[in-house]
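Take a look at the structure below.
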Number of protein chains: 2
Amino acid sequence: MESDVSANSRLTIAAHALTWIGLYQRRGHEVATSEQIAASANTNPVVIRRLLAKLSKAGLVDSRRGAGAGWMLARDLAAITLLDVYQAIEPGPVFAMHRAAPDPECVVGHGIGPAMTAVYDDVEAALRGELAKTTLEDVLRDILKAA
Amino acid sequence: MESDVSANSRLTIAAHALTWIGLYQRRGHEVATSEQIAASANTNPVVIRRLLAKLSKAGLVDSRRGAGAGWMLARDLAAITLLDVYQAIEPGPVFAMHRAAPDPECVVGHGIGPAMTAVYDDVEAALRGELAKTTLEDVLRDILKAA
DNA sequence: CTTGATGTAACCATTTTGGTTACATTGGTG
DNA sequence: CACCAATGTAACCAAAATGGTTACATCAAG
């Protein structure tokens with residue numbers, strides 16, 4: 001215990017992958033391979049494929065198999081928000097309830113669940129609202145501006 | 001991999017502990033012990049003490065040692081927001097960057113870090129803003145209302 | 001039919017999370 | 001003063017999450 005800075009990097013990697021595909025296609029290529037993306041993101045191709053598989057189920061990308069296989073965007077970068085990406089890869093909530101149910105005989109133990117759930121719902125809504133404000137086009141613009 | 005619903009329950013347990021102490025004191029008791037709180041939250045007293053230790057460092061609670069030892073609020077429930085609790089126990093960010101630095105030769109690999117950091121900063125601000133809206137007095141009111 | 005890449009399962013090392021034991025320390029009380 | 005209940009922490013552990021890696025069946029264009 002004691003160390004923090006947990007959190008996972010999936011949203012970052014997924015945004016990286018999609019942005020990379022978008023830029024690659026914009027430069028005239030049909031599809032991008034998980035190997036190319038993995039090289040840019042400095043991770044393993046399987047990690048990329050796992051994320052893209054989820055993004056594919058969410059309708060954000062399409063894949064082509066066989067020879068000349070690879071990935072392509074299903075929508076323009078401007079039509080994909082970070083919320084879309086987040087929802088595609090992170091079904092779980094940010095905050096968890098008690099690991100084991102609290103004492104139902106205790107007033108606090110009995111009522112804290114619903115009370116915190118209500119708050120967490122609002123927090124998640126705020127988080128989603130904020131993620132929805134940024135599209136991958138915005139991210140790419142930021143990237144190109146800084147280059 | 002694959003399962004989700006990660007997230008930790010620390011904020012929930014910490015809010016539970018503080019609310020419990022507040023109600024207990026309101027009923028005329030001087031201090032609450034980690035054992036009592038642990039019984040209500042259905043966890044181990046050491047887990048409670050670990051959290052309260054951090055909350056103590058943040059100035060939200062005080063502890064008394066020796067005989068008649070225990071914990072008491074350093075401020076009224078109405079003067080403690082969930083943001084105060086969150087900051088006391090969760091220094092780390094919600095989203096992480098690449099585990100290994102991306103390819104600096106690649107435009108995306110080079111610029112994605114600052115771009116995502118900017119977004120994440122806004123998201124965290126929104127999350128904190130939402131947590132700041134609720135005080136533990138609000139939580140307790142909710143609990144008592146439902147009882 | 002060959003080939004290059006997807007789609008997934010499987011396995012593993014590392015880290016996080018939280019539960020548990022253990023124990024030194026504290027300070028009021030009998 | 002000795003007792004004792006509870007804090008404050010270290011240490012250890014089991015379970016789960018996170019990502020990296022190998023392996024391989026499948027697919028489809030050439």
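Quick caveat, the model's predicted, so the values are computed rather than measured. FYI, side chains are in, hydrogens and waters are out, and symmetry mates aren't considered; it's all heavy atoms of this structure.
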Q: By nearest nucleotide on DNA chain D, pick out whichever of B:A67 and A:T43 is the more 5' one.
A: B:A67
Q: Assign each of A:R49 and B:R64 to its nearest nucleotide of DNA chain D by heavy atoms, then name whichever residue's nucleotide is nearer the 5' end.
A: B:R64
Q) With a 4.0 Å cut-off on heavy atoms, is B:A69 in touch with a base, just the backbone sugar-phosphate, or nothing at all? A) sugar-phosphate
Q.
Just to be sure I understand the rule, does A:G70 reach a base, reach only the sugar-phosphate, or reach nothing, if contact means heavy atoms closer than 4.0 Å?
A. sugar-phosphate
Q) CG/A:L11 to OH/B:Y120 distance, rounded to the nearest 0.5 angstrom? A) 3.5 Å
Does [X] reach the main-chain N or O of [Y] with its side chain, forming a donor-acceptor pair under 3.5 Å?
X      : Y      : result
B:D84  : B:T81  : yes
A:N42  : B:A101 : yes
B:D122 : B:V119 : no

**Q.** First of A:R99 and B:G68 reached from the 5' end of DNA chain C, by closest nucleotide
**A.** A:R99
What's the [atom1]-[atom2] distance between [X] and [N], to the nearest Å?
X     : N      : atom1 : atom2 : result
A:L51 : C:dT6  : CG    : P     : 14 Å
B:I48 : D:dA6  : CD1   : C1'   : 15 Å
A:I21 : C:dA5  : CD1   : C1'   : 14 Å
A:I37 : D:dG20 : CD1   : C1'   : 17 Å
B:N42 : C:dG19 : CG    : C1'   : 11 Å
A:M72 : C:dA5  : CE    : P     : 14 Å
A:K57 : C:dT8  : NZ    : C1'   : 10 Å
B:I89 : C:dT17 : CD1   : C1'   : 13 Å

Given [options], identify the nucleotide with an atom nearest to the side chain of [X].
X     : options               : value
B:R10 : C:dT6, D:dG20, C:dT17 : C:dT17
B:V46 : D:dT9, D:dA23, C:dG28 : D:dT9
B:V47 : D:dG19, D:dT7, C:dG18 : C:dG18

OP1 or OP2 of [N] less than 4.0 angstrom from a side-chain nitrogen or oxygen of [X], does that happen here?
X     : N      : result
A:N44 : D:dG19 : no
A:R50 : C:dT8  : no
A:T33 : C:dT6  : no
B:S63 : D:dG8  : yes

Q: Report yes or no: is there a donor-acceptor pair, N or O only, under 3.5 Å between the side chain of B:R65 and the base of C:dT26?
A: no
Q) In terms of the angle between their ring planes, are A:H98 and B:H16 parallel, tilted or perpendicular, with boundaries placed at 30° and 60°? A) perpendicular
(Q) Can you tell me how the ring of B:F95 sits relative to the ring of A:Y86, calling it parallel under 30°, perpendicular over 60° and tilted otherwise? (A) perpendicular
